Amino acid sequence: MHFDILTLFPSMFQGPLEESILKRAQESGRLSITLHNIRDYASDKHHITDDAPYGGGGGMVMKPEPIFAAVEAIVGQDTSVPRILVSPQGRLFSQAIASELAHFPSLLLICGRYEGVDERVRQHLVTDEISIGDYVLTGGELAAMVVLDAVTRLLPGVLGDPGAVLHDSHAQGLLEGPHYTRPADFRGWRVPEVLLSGDHAAIARWRREQALRRTRERRPDLLDGLQLSLQDRDFLAQLEMESSGMDDERGD
Ligand code: ADE
């Protein structure tokens, strides 16, 4: 998969792209990235990329011309490449959106800075707008890295264990349950016996229940609208009974 990333700060990407899985994905040819400095596409002598907002007010706005020029030079008239503006006003990024984007051979990400980008970029150039959360960063670069990372690890062959992504938190709409490794006894805290039992069906059921339990405790909103088996529902009902029993004991 290829990423074209438009930014005013290409060097911000250097560290994350040169380590670990993102580095190996590039070395194996599964991932390629071209960083484009928006400043290079500003046609004036000083390569100015921002200007004061019409109507007054604080902050600066990114000018449309360099962004249009960059996108047109990179993808031309090719409408098959999603042109994604990362901004706090976009649709909220999720594992489902990462999977959706992982199907494209190529993506173009535009990183905004300052108070925002000229609205005509939104209206006439981009095909999608993504936010990574309800908070405001100093610019879109970190958000673009988040999108790049989450999409790349879904590409075939990028992770060592191809089954790993199936069990990720959020992959099936649930948070992941706990994981343990050696030693079986650490300072008297023992690994749950079922994990040492070698009974694969019991382990799978235990993991499912832990995922359900953790999701119910931490993100009950995720359970709404999820397709759950009868066994899952029974387990959740049992948890419900346990916690209402605890309320009774406390006199609630
Ligand atoms: N740029 C600034 N804040 C952002 C956010 N939350 N998501 C995406 N891009 C951003």
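Keep in mind it's a predicted model, so treat the numbers as computed, not measured. Read the numbers this way: they start at 1 and go in the same order the structure lists the ligands and their atoms.
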### Message
What I want to find out is whether R122 reaches E119 closely enough, with some N-O distance under 4.0 Å, to be called a salt bridge.
### Response
yes
Provide, line by line, the atom pairs where ligand 1 and the protein bring an N/O atom each to a distance under 3.5 Å; else say none.
unit_1   : atom_1 : unit_2 : atom_2 : d
ligand 1 : 3 (N)  : L137   : N      : 3.0
ligand 1 : 6 (N)  : G133   : O      : 3.2
ligand 1 : 6 (N)  : Y135   : O      : 2.8
ligand 1 : 7 (N)  : I132   : N      : 3.0
ligand 1 : 9 (N)  : S87    : N      : 3.2

### Query
Would you call R205 and D232 a salt bridge, taking side-chain N to carboxylate O under 4.0 Å as the test?
yes
### Query
For R233, which residues count as a salt bridge (Lys or Arg N to Asp or Glu O under 4.0 Å) partner, sequence neighbours excluded?
none
### Message
Applying a strict under-4.5 Å side-chain criterion to I, L, V, M, F, W and Y, I'd like to know whether L195 and W189 cluster together.
### Response
no
### Query
So, S243 and R216: side-chain donor and acceptor under 3.5 Å apart, yes or no?
yes
### Query
Any side-chain donor paired with an acceptor under 3.5 Å for H2 and D4?
yes
